[in-house]
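First listed ligand is number 1; within each ligand, the first listed atom is number 1.
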Amino acid sequence: MRVTSLKKKLAVIGAGAGGLAVLQVFSKHLEIFELTCFEQSDKVGGTWNYTEKVGLNDLGRPLHSSMYRNMKTNLPKEVMAFQDYPFPPHLSSFLRHSDVASYLSDYAEFHQLKKYIKFHSFVKSVGKEDDGRIKIVWEVGKSGDEEDIFDYLVICNGHYTTPYTPDLRGLENFKGDVIHSHNYRKPDQYKARSVLVLGAGPSGVDIADDIASVTENTVLLSHRKPNFNPKMRPNISLVSEMTEIIGSNRVQLANGDTYEVDSIVFCTGYRYNFPFLEENVKLRITNERLYPLYKHLVDARNPNIIYLGITKTVLPFPHFHIQASFAAAVFTNQITLPCEDDMLADIENDYKWRTEELGFSEKRAHYLHQLQWAYNDDLCELASIPRLPSSVSNLYLGVHQARTQDLQHYKEKNYRIVDEHTFVEV
Ligand code: FAD
């Protein structure tokens, strides 16, 4: 006699920090769910698993991690950690990638999450069946495809892997080497070269600093004039408004200045990419806006599919935990979602507010930063879980401030959370 489980089958794609947060939250509801997490690699931790290699992995797929050798976190461990699992006390506040990779592996062990993960399992397709359930096809190593049907899906495939490279006039004539930060690993090859780093976001600024530790001249291009005066290494020239590359190696700026450069590193960000979505569950992606995602999470047309970590400029791990708790509240029916039309109207209102009142471009459809605390509180209230203590937001903002004042040294500081509201520098 065949015994069929009455439990609902929940699939998770990706065992990075996002997927682990989902497994941790749903592992408290095993009376309702049977959990399966698909992870293409042999490890948890996703992008934090540094590799010297670039390009394709042994199976001919793009390497996932975007970490570089000397990378240090731009957030201190006191706020980065999942709220129920601190980083080891002996580590300083700003961490190496290997500390974070070990932390995530320890977190998975501590919560006994690895038993839900199918490693070496690459999801090839996700589609909707006639009854609304979700069919997933995955490839196990090199040994062929498997498939199964699931009731729910949470997608946590990470959003720092598919490079975004804008058009740059004259680039086709440039004779030096050109890479995207996804493929940047270490500065050694830039010794005695003059390098243009394009883009002054967190990675651009960090990578320019890393390269400037070995070169004589690094040019860092910020699209907008920075609204602060970052103290950087003296051999970094911060410039804005580049117009084109002229000839084989010259950068032309709008103010008439030119710089000769040997290499270019594009630190121009990443694109969302869900290559496994079949036509009947595909999201519309325009200018980095994913539509239709209710609360930047729930596919309003297929509400049994949730996308975690779409939001930009957030405090990732605690944020993922809150989003995962909201997902659990939805899939356990603790929360009843509005009907499809009301979710679509809510999405439109949020978008109008961002673009018309806050003046954001479409590219910032999922940008939070200062908005993240109100967003988190809203989800916490709906999911009936405690809010993040204000010491976390205070320290996050304090570090942001320290960074704008002294880019070169802010990671040398150490912090301690004192109580629910307060942190101190130690
Ligand atoms: P990922 O870590 O990318 O994990 C996604 C997982 O999905 C991977 O394991 C991947 O193998 C798997 N996967 C993808 N597609 C498939 C598929 N088809 N089938 C099966 N498996 C699949 N955050 C901070 O908190 N502090 C920092 O200082 C910080 N610095 C950063 C610096 C860099 C250079 C980068 C790139 C990111 C940084 N982040 C930082 C953000 C970081 O991305 C998040 O902290 C977080 O780790 C993202 O987790 P994730 O689970 O969303 O994605």
Option with minimal heavy-atom separation from atom 43 (O) of ligand 1, where the choices are Tyr160, Phe122, Phe320: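 Considering heavy atoms of Tyr160, Phe122, Phe320, the nearest to atom 43 (O) of ligand 1 sits in Tyr160.
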From the candidates Pro275, Gly14, Cys156, the one that places a heavy atom nearest atom 5 (C) of ligand 1: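 The option holding the nearest heavy atom is Cys156.
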Check each atom of ligand 1 against the heavy atoms of [X] and keep those under 4.0 Å away; list them by number with element.
{"X": "Ser121", "answer": "19 (N), 20 (C)"}
{"X": "Ser66", "answer": "34 (C), 36 (C)"}
{"X": "Thr73", "answer": "28 (O)"}
{"X": "Gly46", "answer": "2 (O), 4 (O), 8 (C), 9 (O)"}
{"X": "Met71", "answer": "30 (N), 31 (C), 32 (C)"}

Phe266/His180 under ring-ring contact (aromatic ring centres under 6.0 Å, His included): CA gap, chis, key distance, verdict: CA-CA 5 Å; Phe266 276 94; His180 186 275; 7.3 Å; no
Nitrogen or oxygen atoms of Thr47 and ligand 1 under 3.5 Å apart: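 Such a contact does occur with ligand 1.
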Can the positive tip of [X] be found less than 6.0 Å from the middle of the six-membered ring of [Y], inside 45° of the ring normal?
{"X": "Lys363", "Y": "Tyr164", "answer": "yes"}
{"X": "Arg61", "Y": "Phe122", "answer": "yes"}
{"X": "Lys9", "Y": "Phe150", "answer": "yes"}

Aromatic plane relationship, Phe82 with His321 - under 30° parallel, 30 to 60° tilted, over 60° perpendicular: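 If you compare the ring of His321 with that of Phe82, the planes turn out perpendicular.
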Parallel, tilted or perpendicular: rings of Tyr160 and Tyr270 (30°, 60°):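 Aromatic pair Tyr270/Tyr160 classed perpendicular.
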How far is [atom] from its nearest protein heavy atom, and which residue and atom name does that atom have?
{"atom": "atom 45 (O) of ligand 1", "answer": "Phe317 CE1, 3.3 Å"}
{"atom": "atom 21 (N) of ligand 1", "answer": "Gln40 N, 3.1 Å"}
{"atom": "atom 23 (N) of ligand 1", "answer": "Pro316 CG, 3.5 Å"}
{"atom": "atom 40 (C) of ligand 1", "answer": "Trp48 CZ2, 3.5 Å"}
{"atom": "atom 35 (C) of ligand 1", "answer": "Met67 CE, 3.6 Å"}
{"atom": "atom 27 (C) of ligand 1", "answer": "Asn74 OD1, 3.5 Å"}
{"atom": "atom 50 (P) of ligand 1", "answer": "Gly18 N, 3.9 Å"}
{"atom": "atom 17 (C) of ligand 1", "answer": "Val123 N, 3.7 Å"}

Cationic N near anionic O, under 4.0 Å, Glu288 to Arg271: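 Arg271 and Glu288: not salt-bridged.
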Salt bridge Lys411-Asp206, side-chain N to carboxylate O under 4.0 Å: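 Salt bridge between Lys411 and Asp206, a charged N being under 4.0 Å from a carboxylate O: yes.
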Value rounded to 0.5 Å, distance of CG in Leu91 from CZ in Arg96: 7.5 Å
Donor on one side chain, acceptor on other, Tyr396 and Gln372, under 3.5 Å: yes
More than 12 heavy atoms of other groups within 6.0 Å of Glu381 CD: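 No, not enclosed.
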Under a 4.0 Å heavy-atom limit, does [X] contact ligand 1 with its side chain, its backbone, both, or neither?
{"X": "Glu39", "result": "both"}
{"X": "Phe276", "result": "side chain"}
{"X": "His64", "result": "side chain"}

Candidate pair Tyr291 and Tyr351, rule ring-ring contact (aromatic ring centres under 6.0 Å, His included), full reasoning: CA-CA 10 Å; Tyr291 182 86; Tyr351 185 64; 8.7 Å; no
